[in-house]
Structures are given as structure tokens and as C-alpha cells.
2 protein chains.
Amino acid sequence: MDKENVTIYDVAREAGVSMATVSRVVNGNSNVKQATKEKVLAVIKDLDYRPNAVARGLASKKTTTVGVIIPDVTDEFFSELARGIDDVASMYHYNIILANSDESGSKELQVLENLLAKQVDGVVFMGNVIDEELRAEFRHSHAPIVLAGSVDEQNQQPSVNIDYIEATKDAVKKLVANGHKQIAFVSGNLDQSINKNYRLKGYKEALAEAGLEYNEALVFATDYFYGSGYRIAADVKNSIATAAYVGDDELAAGLLNGLTDDGVSVPNDFEIITSNNTKLTQVTRPQLTSITQPMYDMGAIAMRMLTKLMNKEELDEPTVVLPYGIIERQTTK
Amino acid sequence: MDKENVTIYDVAREAGVSMATVSRVVNGNSNVKQATKEKVLAVIKDLDYRPNAVARGLASKKTTTVGVIIPDVTDEFFSELARGIDDVASMYHYNIILANSDESGSKELQVLENLLAKQVDGVVFMGNVIDEELRAEFRHSHAPIVLAGSVDEQNQQPSVNIDYIEATKDAVKKLVANGHKQIAFVSGNLDQSINKNYRLKGYKEALAEAGLEYNEALVFATDYFYGSGYRIAADVKNSIATAAYVGDDELAAGLLNGLTDDGVSVPNDFEIITSNNTKLTQVTRPQLTSITQPMYDMGAIAMRMLTKLMNKEELDEPTVVLPYGIIERQTTK
DNA sequence: CTGAAAGCGCTAACAT
DNA sequence: ATGTTAGCGCTTTCAG
């Protein structure tokens with residue numbers, strides 16, 4: 001029942017040509033007479049020949065697959081990026097091996113080694129803490145690696161991002177402009193440099209420019225879950241804050257609902273501005289005012305850059321910084 | 001600069017043994033003297049040898065990667081499934097090639113052929129319309145294929161699901177029990193058999209059992225976007241419906257908000273029950289009452305089944321039907 | 001317990 | 001325009 005797989009050799013024999021010729025027509029090499037080409041094509045169809053990509057990969061040293069390391073596919077922010085990546089990947093005839101890392105350094109490292117062992121032609125990495133070990137693996141890698149929606153303080157890898165410092169700063173300034181003096185900073189873990197060295201930095205800069213003092217009691221760091229935001233609402237309510245900048249939409253949704261359920265009226269009693277403009281921001285009531293960033297495009301562009309790198313082309317700009325915006329909805333006045 | 005890749009041959013030479021022996025220690029074959037094993041391991045570490053998975057795949061005819069066809073990673077329902085799949089895949093040392101299909105028959109087919117060409121050891125398929133061409137490819141496939149969260153009317157493939165007919169029926173019956181006589185059925189495209197032959201069927205059965213007449217004017221079929229739900233709200237409001245069963249959470253969230261913004265008070269004036277219990281259901285205000293289904297587990301179990309199949313083991317049960325539930329939140333009384 | 005050797009199915013010079 | 005011939009880096013009999 002398991003009929004033998006038909007190989008390039010079979011079609012060569014059947015078509016009365018050499019393997020090389022078959023290989024040529026399969027790969028669209030123009031150096032083949034029209035007549036032979038047709039004959040070969042006919043045999044291919046007849047035998048239902050399907051080239052073995054693994055063999056091809058071994059011989060050509062190209063697998064036409066790229067690795068994608070993602071914190072969590074279930075996270076709206078990253079899944080949007082992943083979609084952008086996959087769309088342009090498939091446009092260029094690449095497949096993606098997707099691996100969840102949970103932003104765990106050890107998993108990221110192990111997964112990366114795994115991908116490299118599988119001879120991926122390149123990888124796009126998403127994750128916000130790049131330790132020395134990982135960095136070493138990046139350097140060691142034969143395949144190009146680009147970062148998407150992920151900051152690298154040392155800026156050694158090609159990457160595509162928005163300016164997180166400025167974006168956060170703008171968001172906080174908006175709150176300042178609305179008259180707030182006590183603004184909470186709510187984010188994920190401060191071990192992640194995107195939170196500590198980018199968002200928090202932008203937050204501080206905005207305060208400084210407004211002549212407001214930085215107060216650690218207004219910094220709430222947790223994780224990225226809705227429930228965490230909901231739970232932290234009580235603490236925020238009990239603080240002296242009258243508004244909050246939030247680094248993640250699920251967190252913001254949780255905070256908003258927690259506050260609302262606790263009798264706080266947003267935006268009348270409290271204003272909120274969040275960061276990613278995912279679908280969630282339109283679902284909550286009131287709808288969340290948010291920084292906007294082009295997640296899909298970030299993924300798409302990162303992948304496009306990767307195709308160039310894999311093709312040994314020069315990058316015009318190794319670090320692309322995309323524009324962000326702020327969309328005012330109903331959690332700010 | 002591009003230092004030559006170190007191959008199994010290099011370590012064999014360096015360790016003074018044959019390639020076969022190196023291969024044995026790399027693969028944990030017990031037939032190696034402890035001393036030789038240690039020597040080889042030392043050389044491997046020394047040379048930083050990394051086995052080439054592509055070569056391995058060609059020689060062994062196993063790639064330890066499985067294909068995953070998903071309608072859209074960005075869809076919460078499917079991304080949860082994907083996470084379950086990836087987690088058990090990595091537990092069994094498989095990687096997944098993830099491909100978005102947008103439920104387009106032609107893309108699904110093309111992607112499947114592609115995956116098969118890459119010699120994946122198996123595939124898990126998510127998608128709700130399986131046409132004859134695709135089915136033929138399934139049959140033709142050398143690699144086992146299991147369906148996850150996707151119905152197959154002909155039930156030819158191993159699959160894991162919940163009982164969509166019963167679940168929908170229960171949901172609608174709940175609405176009936178709450179006194180409703182005019183219940184709207186809101187879903188994605190009726191071309192998808194999950195909507196037409198499962199959900200709608202369950203809906204009709206519930207009506208029939210309640211002695212209620214089926215009324216086509218109460219059937220609203222659109223797609224799976226929040227905006228579509230929001231837009232359709234007006235039509236629903238203008239219909240004679242006093243409650244709705246909705247086949248998708250984004251759609252339900254849209255409907256809910258559309259209705260609310262239009263002055264309809266849920267659940268007082270109108271009740272809603274949705275289907276997937278994704279994160280969204282807790283974010284909306286009022287929170288959505290929903291059918292619950294174990295998305296993550298469905299993915300995990302599907303992948304677990306696949307590992308058995310790839311291992312030539314028998315499946316106890318080719319069609320696993322997981323339990324569902326209904327969680328009452330605030331869009332029903 | 002270890003080695004020799006034959007592939008796995010294809011690409012890529014190099015000839016012709 | 002087409003064929004010959006080496007590999008690609010590893011696994012896997014088969015011997016010993």
C-alpha cells in the first residue's frame with residue numbers, strides 16, 4: 001500500500017533524460033529546450049512526483065524556512081506580529097517554524113539552538129530580554145536574525161520597532177496636559193528592558209519636563225494578564241494617582257474594569273492610556289485611549305528585512321523605527 | 001570568517017572513532033563503551049559540534065517537525081489551540097511549522113502540499129471546510145493528519161472537538177428557558193459546515209424541542225470580526241428577536257457593544273450567549289455568558305494523538321469529543 | 001562494542 | 001541544451 005516514493009531519478013528514467021535536467025525544469029532553470037521541458041513536466045504529472053524538500057535542503061544548503069521565536073502566540077500583540085511575519089514569509093515562499101518561549105531565557109536559548117540545528121535560513125526573534133548567553137548565540141549564528149517589536153539596548157541586531165521612549169513620553173504628557181500631577185505607571189515586569197529602560201524612561205522624562213516629581217509609589221509592575229490588571233486596581237485606587245499610563249492592553253483592560261467595578265468612574269475620576277491598540281481597546285467600555293503601533297507591519301517589515309539578509313543584500317537601514325500615534329478614545333477626557 | 005561547519009566526520013576523526021560511533025553517542029544508543037562515549041562527548045563539546053537536522057532527516061526519514069494549518073493566528077480561539085499544540089509538540093521534541101490559511105481552500109491545499117514536501121512527520125489541521133480536493137490530499141498523505149477544533153462531517157480523520165450540536169442546543173435552550181420565543185442565530189459564514197451543519201442544526205433542534213418555529217429572518221450570517229458584529233447589531237435590533245445565540249466571541253462582543261451603544265440594555269432588553277469563552281468574554285461589560293470549550297486541551301490532545309500516530313501506535317479513540325460547559329455571566333439573566 | 005559502506009533525494013559544478 | 005559525477009551530513013544495516 002505504501003507505494004514507493006517517486007524520486008527525481010524515477011522521472012529522469014521515465015522521461016529519458018538525466019536527473020540534472022529534471023532538476024532544471026523543477027527549478028525553473030531556463031536552460032532547457034521547450035520540448036524536453038514539456039516531456040519532463042508530463043512525466044512529473046503522470047508519476048505525481050513531489051520534490052523532497054529535505055534532500056533539496058541538504059544539497060543546496062537552503063531550507064526556505066525561517067524560525068520565529070515568540071513569547072506567546074496567545075498574546076494579541078505578538079500574534080499580530082506573527083501574522084505579518086507569516087504573510088510576507090509565504091509571499092517569498094518561506095515557511096515559518098513557530099516556537100513559544102514565554103520569554104524565558106533558557107527556553108529562548110534552547111529553541112534558538114534547535115532552530116539553527118534545523119538549518120533555518122534566518123530567524124525573527126521577539127522577546128524583551130536578551131541576556132549575554134543569547135547574544136552569544138546570535139553572534140555565533142550562521143543565519144541572519146532580526147528582532148521584531150523587541151528592544152535590544154545594545155542595538156546589535158537588525159530590528160524593527162517604534163520609539164518606545166518617545167511614545168510613552170507622549171502618552172504621559174497627554175495625561176499631564178489633562179491636568180494630572182500624580183500619574184501611575186503600570187507595566188509588566190521591570191526586569192524586561194522594554195519596561196525598565198524604555199517605557200519607564202519615557203515616563204520619567206515626561207514627568208521631568210513637566211516639573212513633576214518621580215514617585216516610586218506610583219510604579220506598579222506586574223505581568224501581562226488581564227487578571228493582574230484587575231487585581232492591581234485596588235492598589236491603584238488606594239494610591240494618590242489620578243491617572244495611569246499602562247504598558248499592555250490586557251493589563252489596561254483589567255485595570256479599567258477593576259476600577260469601574262470598584263466604583264471609580266473612568267475617565268471622570270481617573271484617566272487611562274494604554275500602549276498597543278489591540279482589538280481589546282475597542283471592546284472595553286469605555287473604550288481605551290491608546291498608543292497605536294503598527295504590529296502587523298512591524299512583523300511584515302522584519303520578515304522583509306530578513307529576506308534581504310538571507311539573500312546577502314545590504315540593508316538600507318538596519319534599525320527601522322516605525323511611526324506610532326495616539327488614538328483618543330474614552331478613557332481620557 | 002565563515003569557519004567551516006564541523007561535521008560528524010570531524011568529531012570522528014578527532015576522537016579517533018568512526019562516524020557510526022559518534023552517531024551512536026549523539027543518539028543515545030547504549031551500545032557504546034563508557035570510555036569511548038566520554039571521549040566523543042568531550043570532542044563534541046570541544047569542537048562545538050551541532051548535528052545537522054536536515055541531513056539527519058534525509059537519512060532517517062524523520063524530521064521531528066509537524067505542520068500546523070491554522071485559519072488565523074490572530075484569532076484568539078485558534079491561537080489557544082495552537083499554544084496547546086506547540087506545548088505538547090515541544091514536550092515530545094517536535095517543532096511546528098505554522099501556516100495561516102484564512103480558511104481558503106486553495107491556500108489550505110497549497111500549504112498542505114508544501115508541508116508534505118518538507119517531509120513533516122505529521123500535521124494538525126484547523127479549518128472548517130474540507131472539500132474533496134483537500135480530502136484527497138489527506139488520503140494521499142504519507143504523514144498522519146489530525147483535526148483540532150474543526151469538524152469533518154465525513155469523520156474520516158482523527159479529530160478532537162466538543163459536540164458542537166449539543167453545545168449550541170444547550171445554549172439556545174437556556175435562552176428558551178429564560179422565556180424567549182424569538183431567538184436570533186448569529187454566526188460566521190454558513191458555507192462553513194461548523195456553522196451550517198452543527199451550530200445551526202443545534203439551534204434548530206433546540207427550537208423544535210421547545211415547539212418554536214424556525215424563522216429564517218432570525219438567522220444572521222456574517223464573518224468573524226468585531227466590526228461585523230457591531231454593524232449587524234442594528235439589523236438584530238430591528239428584528240423581532242429578543243435574544244441571540246452567537247457563534248463567535250468577537251462577533252458577540254461587537255453585537256453586544258453595538259446594541260448597547262444603540263440604547264438596548266443587555267441583558268434586560270436582550271440576552272446574548274456566545275460560544276468560545278475567550279478572554280474577550282470577561283472584558284466586555286456586561287461580561288458575556290458563553291459556552292466553554294477547552295481550546296488549549298483540544299490542541300494539546302490533538303498533538304498528543306498525532307505523536308502516537310507518528311509512532312505507529314493505535315489510537316484508543318480516533319474521534320475524541322471533549323466536554324463543554326456553559327458559564328453564566330452577565331448577558332443572560 | 002565498533003567500523004565500513006551504502007545510501008537518503010537532490011543540487012551544482014564541470015563537461016560535452 | 002543536457003549529462004556525469006560528486007557530494008550535502010547523517011543513519012543504518014551488516015560485519016566483525
Side-chain angles (χ1 to χ4, degrees), chain A residues 2-41 43-44 47-65 114 116-121 142-143, chain B residues 2-41 43-44 47-65 114 116-121 142-143:
Chain A
D2 237 5
K3 50 177 177 263
E4 288 302 305
N5 257 322
V6 1
T7 73
I8 198 173
Y9 183 77
D10 298 321
V11 355
R13 181 172 26 72
E14 210 64 25
V17 299
S18 72
M19 292 166 51
T21 298
V22 177
S23 177
R24 286 190 187 97
V25 350
V26 167
N27 292 296
N29 186 314
S30 54
N31 286 51
V32 183
K33 201 179 8 173
Q34 185 61 22
T36 7
K37 182 172 172 180
E38 281 164 13
K39 185 173 52 179
V40 170
L41 252 16
V43 174
I44 285 178
L47 267 42
D48 192 25
Y49 165 68
R50 324 262 188 118
N52 179 323
V54 173
R56 211 200 285 237
L58 184 58
S60 68
K61 296 178 168 309
K62 284 187 194 332
T63 54
T64 62
T65 110
N114 211 233
L116 262 17
K118 291 212 170 160
Q119 313 301 119
V120 294
D121 295 335
H142 203 264
Chain B
D2 237 5
K3 50 177 177 261
E4 288 301 305
N5 257 322
V6 1
T7 73
I8 198 173
Y9 184 78
D10 298 322
V11 355
R13 181 173 24 71
E14 211 64 27
V17 298
S18 71
M19 293 166 51
T21 297
V22 177
S23 177
R24 287 190 187 98
V25 350
V26 167
N27 292 295
N29 185 314
S30 54
N31 287 50
V32 184
K33 203 178 9 173
Q34 184 62 21
T36 2
K37 183 173 173 180
E38 281 164 15
K39 185 173 51 180
V40 171
L41 252 16
V43 175
I44 285 179
L47 266 43
D48 192 26
Y49 166 66
R50 324 261 190 117
N52 179 322
V54 173
R56 211 201 285 239
L58 183 57
S60 70
K61 296 178 167 308
K62 284 188 194 331
T63 54
T64 63
T65 111
N114 212 233
L116 263 15
K118 292 213 169 160
Q119 312 300 120
V120 294
D121 296 334
H142 204 266

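First the proteins, then the strands, lettered A, B, ... as listed; each starts at 1. No experiment lies behind these values; they were computed from the predicted model shown.
- For the pair B/Ile44 and B/Val26, the minimum side-chain heavy-atom distance is below 4.5 Å.
- Taking both residues in full, the closest heavy atoms of A/Ala12 and A/Ser18 are given as CB-C, 3.8 Å, listed atom of the first, atom of the second, then distance.
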Test side chain to side chain contact (heavy atoms under 4.5 Å, CB included) on B/Thr7 and B/Asn52 and set out the steps.
CA-CA 8 Å; B/Thr7 73; B/Asn52 179 322; over 6 Å; no

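- Contacts of residues 56-64 of chain B with DNA chain D (heavy atom under 4.0 Å): B/Arg56, B/Ala59, B/Ser60.
- By the side-chain contact (heavy atoms from CB on, under 4.5 Å) test, A/Leu58 pairs with B/Val54, B/Ala55, B/Leu58, sequence neighbours left out.
- With contacts defined as side-chain heavy-atom distances shorter than 4.5 Å, the pair A/Met19/A/Val22 does not qualify.
- Bounding nucleotides for the chain B contact on DNA chain C, 5' to 3', at a heavy-atom distance below 4.0 Å, are C/dC1 to C/dG9.
- A distance-only check finds a donor-acceptor pair linking the side chain of B/Ser60 to the backbone of B/Arg56 [under 3.5 Å].
- Toward the 5' end of DNA chain C, the nearer of the two residues B/Met19 and A/Ile8, judged by each one's closest nucleotide, is B/Met19.
- Mapping B/Val32 and A/Pro51 onto DNA chain C by nearest heavy atom places B/Val32 at the nucleotide closer to the 5' end.
- We find the NZ-OG1 distance between B/Lys37 and B/Thr21 to be 13.0 Å, quoted to the nearest 0.5 Å.
- Residue contacts shown for B/Ser23 include a base, since a base heavy atom lies under 4.0 Å away.
- Within the 4.0 angstrom heavy-atom criterion, no nucleotide atom of any strand lies near A/Val54.
- Residues passing the side-chain contact (heavy atoms from CB on, under 4.5 Å) test with A/Asn31 are A/Asn29, sequence neighbours excluded.
- Taking a 6.0 Å sphere around NZ of B/Lys39, one finds it holds more than 12 heavy atoms contributed by other residues, nucleotides or ligands.
- The structure places CG of B/Asn5 at 11.5 Å from CG of B/Leu47, a figure rounded to the nearest 0.5 Å.
- Positionally, the nearest nucleotide of DNA chain D for A/Ser18 lies more toward the 5' end than for the other of B/Thr7 and A/Ser18.
- For the pair B/Lys118 and A/Thr64, the minimum side-chain heavy-atom distance is below 4.5 Å.
- As judged by a 4.0 angstrom heavy-atom cut-off over every strand, B/Val22 is placed among residues making no nucleic acid contact.
- The two residues B/Asp10 and B/Arg13 come nearest to each other via the heavy atoms OD1-NH2, 2.8 Å.
- Heavy atoms of B/Asn52 sit under 4.0 angstrom from primed sugar atoms or phosphate atoms, though from no base atom.
- The distance from the NE2 atom of B/His142 to the NZ atom of B/Lys61 is 8.5 Å, given to the nearest 0.5 Å.
- Computed from C1' positions of five pairs at each end, the angle between the two local axes of the helix from C/dC1-D/dG16 to C/dT16-D/dA1 equals 30°, rounded to 10 degrees.
- Chain A approaches DNA chain D within less than 4.0 angstrom (heavy atoms of the protein), and the contacting nucleotides run 5' to 3' from D/dA1 to D/dG9.
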